[in-house]
Amino acid sequence: MVVLITGGAGYIGSQLIRDLSVTPGFEDRTIRVLDSMLRERYVSIMDLPREGRFEFLEGDIRNEGDLKKAFVDVDMVVDLAGITNAPLSFERKELTFDVNVNGGRKVVEHAVRADVEKYVYSSTASVYGPTKGVVDEEYSCKPISPYGESKLQGEKACLDASKLHGLDATVLRLGTVFGYSIGMRFDTVVDRFTYLACIGMPLTVWESAQNEKRPYLHVQDSVNALIYSLTKSGMKGQIFNVIGENASMNRITSVITREVPAARVIITPTPNLNQVSYELDGSKIERHGFKPNHTLEEGVKEIVDKFRVLLRRKASSDTVKAVASVPISDG
Ligand SMILES: NC(=O)c1ccc[n+]([C@@H]2O[C@H](COP(=O)([O-])OP(=O)(O)OC[C@H]3O[C@@H](n4cnc5c(N)ncnc54)[C@H](O)[C@@H]3O)[C@@H](O)[C@H]2O)c1
């Protein structure tokens, strides 16, 4: 009995593999991680819980040989592997589609062949694109980034396999994730702004984005939703939004400045092509039985606690240049 977690060394995966190893019913299962280590988060596979049965394969979801090895005796899959920075996906469109669509399809094909019991695909709120009002899973998506488009095609591969081959696949559309995990990334907005506040950098907010809302989700809630989907029935062939809160930039910066009172917020009139306001309805999965229960406040505090020693230090101008150039992603 093996649970395969592709991309298990990433931000979400590093917490998922730890929690899954101690989830009732999973203690005797092998948790096998397949990750290309593209993001070089070796720390994610260090100090794993001793009671867990872990296996790690460094490999690529686009590579048949790697997938063959990864799928031996697999009965459940969580597919988290992928190219995950939305703004950067404009520059690396080919790679984004190759990994997220071609690679994603291959993982689904192997899962069908292995006749797995459960398949969970981690999609994103970025598939929606511009919307009016609060929208649910029925909304017709028009993603604006290659990342969003590639994830929408990844979803389709899962849902088609569910219809055509009976794969018990569930798609979760996660809000932009925030909060601490051992393998965390710092290119999403809450985490990046919290980090910047901790190192004494200003938080630059586009004027137009101050009151625009977007969906967010605590990393622990993303992990809990993935485990929930692995273990519950009645989710086959369906899409679920998973949203902790639809929050504006004003709300995010106010949570950060409460935790780091010295943080400076700068409002700038410069337009940002990547800013799109959208609010998502997360009630479908709540009606099924899963409710996110970790707040923005908790996520920000966890990160601030990790950097607390640095709080009084000032950044040099070189650091300022370096950190300002990282494109912020929405998941
Ligand atoms: N973090 C968010 O805000 C967020 C929001 C919504 C959805 N998601 C989705 O959740 C999943 C996990 O996100 P994350 O934040 O943990 O991302 P991440 O970038 O931290 O993790 C992705 C992992 O995939 C691995 N990977 C990349 N290409 C690979 C390949 N070809 N073969 C095997 N492994 C490969 C990377 O090394 C990395 O460890 C992604 O599919 C992402 O689209 C994330």
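Excluded from the calculations below are hydrogen atoms, water molecules and symmetry mates; all remaining heavy atoms, backbone and side chain alike, are included. As the structure is a computational prediction, the values presented were derived from the model and not from experiment.
The closest side-chain heavy-atom distance from I285 to L172 is below 4.5 Å. When side chains are defined from C-beta on, N224 counts as touching H294, because their heavy atoms get closer than 4.5 Å. Counting only heavy atoms from C-beta outward, the side chains of L311 and E259 never approach each other to under 4.5 Å. Using a 4.5 Å heavy-atom cutoff, the side chains of I303 and C198 are not in contact. For the pair L34/V107, no side-chain contact is recorded, criterion being any heavy-atom separation below 4.5 Å from C-beta on. Looking only at side-chain heavy atoms (C-beta outward), N293 and Q220 stay at 4.5 Å or farther from each other. Looking at F90 and P146, their side chains come closer than 4.5 Å, going by heavy atoms from C-beta outward. V242 has its side chain out of reach of D221: every pair of non-hydrogen atoms, C-beta onward, lies at least 4.5 Å apart.
Each of K301, E245, H218 was evaluated against L296; a single residue qualifies, E245, per the side chain to side chain contact (heavy atoms under 4.5 Å, CB included) test. Under the side chain to side chain contact (heavy atoms under 4.5 Å, CB included) test applied with L167, the options L159, D160, D115, V116 reduce to a single match, V116.
Looking only at atom types and distance, the side chain of D79 has a donor-acceptor partner in the side chain of T6 under 3.5 Å away. S150 and Q153 are not linked by any side-chain donor-acceptor pair at a separation below 3.5 angstrom, with hydrogens and angles left out of the test. Between R39 and T84, the side chains place a donor N or O and an acceptor N or O closer than 3.5 Å (distance only, hydrogens not considered).
Annotation for G179 and M184: closest pair O-CE, 3.4 Å, computed over non-hydrogen atoms. Closest heavy-atom contact between I243 and N246: CG2-OD1, 4.1 Å. Scanning all heavy atoms of the two residues, the minimum distance from S181 to Q15 falls at CB-CB, 4.1 Å. Nearest approach of V120 to S229, heavy atoms of both residues: CG2-CB, 3.9 Å. Taking both residues in full, the closest heavy atoms of V134 and L280 are given as CG1-C, 3.7 Å, listed atom of the first, atom of the second, then distance. Heavy-atom minimum distance, L67 versus I61: CD1-O, 3.2 Å.
In this structure a side-chain-to-backbone donor-acceptor pair under 3.5 Å is missing from D73 to V2. Distance alone, capped at 3.5 Å, is enough to place a donor-acceptor pair between the S44 side chain and the A9 backbone. Q210 places a side-chain N or O within donor-acceptor distance of the main-chain N or O of E207, the cut-off being under 3.5 Å. No donor-acceptor pair closer than 3.5 Å links the side chain of S21 to the backbone N or O of G52. Looking at K68, its side chain never comes within 3.5 Å of a backbone N or O of H110 through a donor-acceptor pair. Side-chain N or O atoms of K106 include one that pairs as donor or acceptor with a backbone N or O of R62 at under 3.5 Å.
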Requested in this report: Kindly indicate, with the supporting measurements, whether the criterion side chain to side chain contact (heavy atoms under 4.5 Å, CB included) is fulfilled by V205 and F193.
Outcome: CA-CA 10 Å; V205 177; F193 270 24; 3.8 Å; yes
Query raised in the report: What's the verdict on side chain to side chain contact (heavy atoms under 4.5 Å, CB included) for T268 and W206, showing C-alpha distance, side-chain angles and the deciding distance?
Result: CA-CA 5 Å; T268 160; W206 309 116; 3.5 Å; yes
Report task. Determine, stepwise, if the pair D281 / S283 fulfils side chain to side chain donor-acceptor pair (under 3.5 Å). Result -> CA-CA 6 Å; D281 176 357; S283 64; 2.8 Å; yes
**Report entry** Verdict with reasoning, R185 to R41, per side chain to side chain contact (heavy atoms under 4.5 Å, CB included)
**Finding:** CA-CA 9 Å; R185 41 193 275 227; R41 266 163 291 170; 3.7 Å; yes
**Report entry** F26/T231 under side chain to side chain contact (heavy atoms under 4.5 Å, CB included): CA gap, chis, key distance, verdict
**Finding:** CA-CA 10 Å; F26 285 82; T231 52; 3.4 Å; yes
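In this structure, K306 forms a cation-pi arrangement with Y180, its terminal cationic atom sitting closer than 6.0 Å to the ring centre and no more than 45° off the ring axis. Taking the centre and axis of the six-membered ring of Y128, the NZ or CZ atom of R173 falls inside the cone set by 45° and 6.0 Å.
Placement of L38 and L57 within a single hydrophobic cluster is found when ILVMFWY residues are connected by side-chain heavy-atom separations under 4.5 Å, directly or transitively. If you chain together hydrophobic residues whose side chains sit under 4.5 Å apart, Y121 and V74 fall into the same group. Residue Y147 is not grouped with residue F178 when hydrophobic side chains (ILVMFWY) are merged at heavy-atom distances under 4.5 angstrom, including chains of intermediate members. M1 is not connected to V22 by any chain of hydrophobic side-chain contacts under 4.5 Å among Ile, Leu, Val, Met, Phe, Trp and Tyr, and they are in different clusters. Put simply, V33 and M46 are part of the same group of oily side chains (I, L, V, M, F, W, Y) that touch within less than 4.5 Å, one to the next.
Going from atom CG of N100 over to atom OG of S89 covers 8.5 Å, rounded to the nearest 0.5 Å. Atom CD1 of residue I83 and atom CZ of residue F97 lie 12.0 Å apart, to the nearest 0.5 angstrom. Residue F54 holds its CZ atom at 8.0 Å from CG of L20, rounded to the nearest 0.5 Å. Distance check, rounded to the nearest 0.5 Å: CE of M249 to CD1 of I256 gives 7.0 Å. In this structure, OG1 in T170 is found 10.0 Å from NZ in K236, a value given to the nearest 0.5 Å. Atoms CG and CD1, on L310 and I199 in that order, are 8.5 Å from each other to the nearest 0.5 Å.
The number of heavy-atom neighbours closer than 6.0 Å to NZ of K142, taken from other residues, nucleotides and ligands shown, is above 12.
Relative ring orientation between Y228 and F290 is described as tilted, the plane-to-plane angle lying within the 30° to 60° band.
In this structure, D136 does not pair ionically with K284, as no charged nitrogen and carboxylate oxygen lie closer than 4.0 Å. Salt bridge annotation for D75-R29: present, with a cationic side-chain nitrogen under 4.0 angstrom from a carboxylate oxygen.
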